[in-house]
Amino acid sequence: MTGITLQDAGYATGGKTILSGLSLHLTESRIGIIGRNGSGKTTFLRLIAGLIAPSAGTVRVDGSDPFTDRKAALARIGILFQNPEHQILFPTVEEELAFGLRQQGMPQAQALKAARAALAAEGRAHWAGAAVSTLSGGQKHWLCLQAVLMMAPATILLDEPFAGLDLPSIVRVQRRLAALPQRLITISHDTAAVAGADRVIWLEAGRLRADGPPAEVLPAFTAEMARMGAADADADLAG
């Protein structure tokens with residue numbers, strides 16, 4: 001089966017259930033994921049990416065288990081984390097770009113050559129040997145996205161892709177993402193960021209609250225958030 005399929009999937013850790021009872025078949029080109037903090041959105045992306053295994057049910061990406069078949073997952077799924085500091089592993093730009101290609105089996109010298117060619121194509125050839133620590137926040141976001149694109153995945157998972165960026169950087173990232181042919185699955189607290197999606201999934205306390213066109217799901221989500229905000233019911237301790 002093509003696309004991303006979850007069948008009664010769930011995830012629990014440390015005795016706490018994060019996700020439960022998720023059955024979805026994701027095939028659309030642009031999918032938005034919304035929900036409050038702690039609703040399980042990021043865990044949902046990590047489950048699809050195969051970074052964690054489901055505690056219950058199954059997750060399949062184009063028929064393969066992304067957790068057990070990592071080679072297949074690397075060709076099909078890329079993930080862009082909210083904080084680039086959680087994603088960057090290497091000291092120089094070219095090494096960071098080459099890493100994913102090396103994971104896919106490309107020899108080191110060839111991977112570095114491909115990284116330099118990609119930088120040159122973007123007018124950033126002078127970045128190749130630069131220390132990642134010298135890049136701005138927006139430039140680190142660009143680097144992480146470019147590293148994902150180098151691996152040519154069919155689907156890219158985006159965890160709050162505009163968080164921490166200034167307006168010019170947001171515009172640049174939006175323009176780049178809009179032009180991509182890949183399927184994009186985007187987490188965002190900003191409903192406007194997913195208003196143009198083909199499908200929006202609303203997670204609440206780790207369960208599916210709503211799933212459908214943005215014109216149906218987003219007004220319901222906004223109304224519920226307004227209702228909860230008006231109730232001022234955040235005095236209880238998490239425990």
Chemist: Just by distance, no angles: are the side chains of T42 and D159 close enough, under 3.5 Å, to form a donor-acceptor pair?
Modeler: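 T42 vs D159: donor-acceptor pair found between side chains.
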Chemist: Below 30° counts as parallel, above 60° as perpendicular, anything between as tilted: where do the rings of W142 and W127 land?
Modeler: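 If you compare the ring of W142 with that of W127, the planes turn out perpendicular.
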Chemist: Side-chain contact, heavy-atom cut-off 4.5 Å: Q139 with V93?
Modeler: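 A side-chain contact is absent here, since even the closest heavy-atom pair is not under 4.5 Å.
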Chemist: Nearest heavy-atom pair of V61 and I48: which atoms, and what distance?
Modeler: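 Result for this residue pair: CG2-O, 3.7 Å.
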Chemist: Indicate the atoms forming the closest heavy-atom contact of A147 with L97, along with that distance.
Modeler: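 Looking at all heavy atoms of both residues, the shortest contact is N-CD2, 3.5 Å.
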Chemist: Hey, are the side chains of S55 and Y11 touching, using non-hydrogen atoms and a 4.5 Å cut-off?
Modeler: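 Side-chain contact under 4.5 Å: yes.
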Chemist: Which is it for L47 and F67 under the side-chain contact (heavy atoms from CB on, under 4.5 Å) test, yes or no, and what are the steps along the way?
Modeler: CA-CA 8 Å; L47 203 62; F67 183 77; over 6 Å; no
Chemist: For R176 and Q146, does a side-chain donor sit closer than 3.5 Å to a side-chain acceptor?
Modeler: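 There is such a pair (donor and acceptor under 3.5 Å, judged by atom type) between the side chains of R176 and Q146.
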Chemist: Are any non-hydrogen side-chain atoms of V200 and T191 less than 4.5 angstrom apart?
Modeler: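 Not in contact.
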Chemist: Can you give each donor-acceptor pair under 3.5 Å made by side-chain atoms of residues 74-86, sequence neighbours left out, with the distance rounded to 0.1 Å?
Modeler:
residue: R76; atom: NE; partner: D62; partner atom: OD2; Å: 3.4
residue: N83; atom: OD1; partner: E85; partner atom: N; Å: 2.9
residue: E85; atom: OE2; partner: K140; partner atom: NZ; Å: 2.6

Chemist: Ignoring hydrogens, what is the shortest heavy-atom contact between A197 and G32? Give both atom names and the distance.
Modeler: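 For A197 versus G32, the nearest heavy atoms are CB-N, 3.9 Å.
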Chemist: Of all the heavy-atom pairs spanning G212 and V217, show the shortest one and how long it is.
Modeler: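 Here G212 and V217 meet closest at N-CG2, 3.4 Å.
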Chemist: Considering non-hydrogen atoms only, spot the tightest contact between L203 and S39 and give its length.
Modeler: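 Of all heavy-atom pairs spanning L203 and S39, the closest is O-CB, 3.4 Å.
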Chemist: Only counting residues at least two apart or in another chain, list the ones meeting salt bridge (Lys or Arg N to Asp or Glu O under 4.0 Å) with E94.
Modeler: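 Checked E94 against salt bridge (Lys or Arg N to Asp or Glu O under 4.0 Å); matches are R116.
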Chemist: So, do I185 and I156 sit near enough that their side-chain heavy atoms are less than 4.5 Å apart?
Modeler: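 No, side chains not in contact.
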Chemist: For I33 and T186, run side-chain contact (heavy atoms from CB on, under 4.5 Å): C-alpha distance rounded to whole Å, both residues' side-chain angles, the deciding distance at 0.1 Å, then the answer.
Modeler: CA-CA 6 Å; I33 310 293; T186 305; over 6 Å; no
Chemist: Going only through I, L, V, M, F, W and Y residues with side-chain contacts under 4.5 Å, is there a path from L208 to I4?
Modeler: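 Yes, L208 connects to I4 through the hydrophobic network.
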Chemist: Working to the nearest 0.5 Å, report the span between CE of M106 and CZ of F99.
Modeler: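 So the gap between those two atoms works out to 14.0 Å.
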Chemist: Can you list every pair that meets salt bridge (Lys or Arg N to Asp or Glu O under 4.0 Å) and has a residue in residues 20-49, with sequence neighbours left out?
Modeler: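 Matches after skipping sequence neighbours: E28-R199, R36-E204.
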Chemist: For the residue pair V59 and T5, establish whether any side-chain heavy-atom pair is separated by less than 4.5 Å.
Modeler: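 Side chain of V59 against side chain of T5, heavy atoms only: no contact under 4.5 Å found.
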Chemist: Compare every heavy atom of Q87 with every heavy atom of V148, then report the nearest pair and how far apart it is.
Modeler: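 So the two residues come closest at CG2-NE2, 3.8 Å.
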Chemist: Quick one: are T92 and V132 in side-chain contact, heavy atoms under 4.5 Å?
Modeler: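 No. Closest side-chain heavy atoms not under 4.5 Å.
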Chemist: Working note: I88 + C144, criterion side-chain contact (heavy atoms from CB on, under 4.5 Å); need CA distance, chi angles, decisive distance, verdict.
Modeler: CA-CA 7 Å; I88 293 171; C144 290; 3.6 Å; yes
Chemist: Supply the atom-to-atom distance L158 CG to I31 CD1, rounded to the nearest 0.5 angstrom.
Modeler: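 Going from CG on L158 over to CD1 on I31, the span is 11.5 Å.
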Chemist: Once you round to the nearest 0.5 Å, how far does CZ of R207 lie from CG of L19?
Modeler: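 So the CZ of R207 and the CG of L19 are separated by 10.0 Å.
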Chemist: Could you tell me whether the side chain of H189 reaches within less than 4.5 Å of the side chain of N37, counting heavy atoms only?
Modeler: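 Touching, per the 4.5 Å side-chain cut-off.
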Chemist: Report yes if some heavy atom in the side chain of Q182 is under 4.5 Å from a heavy atom in the side chain of L149; otherwise report no.
Modeler: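 Yes - at least one pair of side-chain heavy atoms lies under 4.5 Å apart.
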